Amino acid sequence: MSAPRRWLMKSEPDVFSIDDLARLETGGWDGVRNYQARNFMRDMAVGDKVLFYHSNAAPSGVAGTAEVCRAAYPDPTQFDRGDAHYDPKASPEEPIWLQVDLRFVSKFARLVPLDELRGMPALADMMLFHRPRLSVQPVSAAHWRIIAKRGG
DNA sequence: GCCAACGTTGGC
DNA sequence: GCCAACGTTGGC
């Protein structure tokens, strides 16, 4: 088995925060409606490590870590007419959107804010800065170590 | 297959 | 809440 890969996944803390994941222990990452983000989730395996990023927050930044506890499967909200993420083009026979489930691992002693990440030359090629709207993205082991150290 | 219009993300 | 960036849709 290959070493677990590393990812960054964004969530608005008003909707679902690191504290919510800590309380629930596991959570489903549904509602992703972007093809590139979906494809990254398709590549995930159980045990992959995830930086939990708070977006649209004050401040935004990396709040903790999680791990993939269930590999990609069809996101049921795409079939639910009453759901904000309903997709009329999807069907149970031909699903379009995927989700993974995450298990809480750690909450950082301090949130590592975006502007701090941005100020670090060692992180300059993070996808976070070059694909600012991508909500699921890979993270190198080196970048992971730097960020986790900052989080305490 | 181009590209304008539109909708959404996410920093601030 | 504003709005820039950018992904997606749809007319042609």
Side-chain angles (χ1 to χ4, degrees), chain A residues 5-24 26-44 48-68 71-102 104-140 142-152:
Chain A
R5 279 173 294 188
R6 292 172 169 78
W7 309 90
L8 180 147
M9 299 176 82
K10 298 179 183 176
S11 179
E12 299 192 26
D14 291 349
V15 178
F16 192 79
S17 71
I18 189 76
D19 291 323
D20 293 323
L21 186 63
R23 182 164 39 80
L24 297 171
T26 63
W29 213 268
D30 61 14
V32 171
R33 293 296 180 269
N34 170 282
Y35 287 103
Q36 198 176 4
R38 179 203 66 181
N39 293 347
F40 283 135
M41 288 199 294
R42 194 171 52 199
D43 292 340
M44 291 180 184
D48 280 4
K49 294 152 71 88
V50 176
L51 289 174
F52 194 117
Y53 180 93
H54 283 176
S55 62
N56 251 314
S60 294
V62 180
T65 69
E67 66 179 23
V68 176
Y73 62 100
D75 173 353
T77 65
Q78 70 194 299
F79 311 129
D80 179 356
R81 265 174 213 286
D83 193 279
H85 299 290
Y86 174 64
D87 185 340
K89 297 191 294 300
S91 67
E93 296 72 33
E94 291 189 73
I96 299 171
W97 304 109
L98 301 173
Q99 70 172 85
V100 295
D101 291 353
L102 298 187
F104 174 78
V105 174
S106 69
K107 179 181 178 179
F108 284 169
R110 58 179 285 272
L111 180 131
V112 184
L114 177 62
D115 61 355
E116 183 176 324
L117 299 174
R118 198 183 267 135
M120 299 174 68
L123 300 181
D125 60 349
M126 273 191 85
M127 214 178 270
L128 188 61
F129 310 123
H130 303 109
R131 305 297 311 280
R133 296 184 44 187
L134 186 61
S135 63
V136 177
Q137 47 188 265
V139 174
S140 72
H143 289 166
W144 178 288
R145 276 194 299 275
I146 291 166
I147 295 166
K149 195 172 175 185
R150 289 279 174 142

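Every chain is numbered from 1, with letters handed out A, B, ... down the list of sequences. None of these values were measured; they are calculated from a predicted model.
Not a single donor-acceptor pair under 3.5 Å links the side chain of His85(A) to the backbone N or O of Phe79(A). A donor-acceptor pair is defined here as one N or O able to donate and one able to accept, closer than 3.5 Å; such a pair exists between the side chain of Asp48(A) and the backbone of Arg5(A).
What separates NE2 of His54(A) from C1' of dC12(B) is a distance of 18 Å, to the nearest Å. The CZ atom of Arg118(A) sits 10 Å away from the C1' atom of dC12(B) (whole-angstrom rounding).
Using a 4.0 Å heavy-atom distance criterion, Tyr53(A) is classed as a sugar-phosphate-only contact.
Identified under the salt bridge (Lys or Arg N to Asp or Glu O under 4.0 Å) test for residues 53-63 of chain A, with sequence neighbours left out: none.
A heavy-atom distance below 4.5 Å is found between the side chains of Phe16(A) and Leu24(A).
Between the side chains of Asp87(A) and Trp97(A), at least one donor N or O lies within less than 3.5 Å of an accepting N or O.
In terms of position along DNA chain B, the nucleotide closest to His85(A) lies nearer the 5' end than the nucleotide closest to the other residue of the pair Asp115(A) and His85(A).
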Nucleotide by nucleotide, nucleotides 5-10 of chain C touches protein heavy atoms under 4.0 Å in the pattern (B base, S sugar-phosphate only, - none) BBSSS-
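To the nearest 0.5 Å, atoms CG (Asp101(A)) and CE (Met44(A)) are separated by 11.5 Å.
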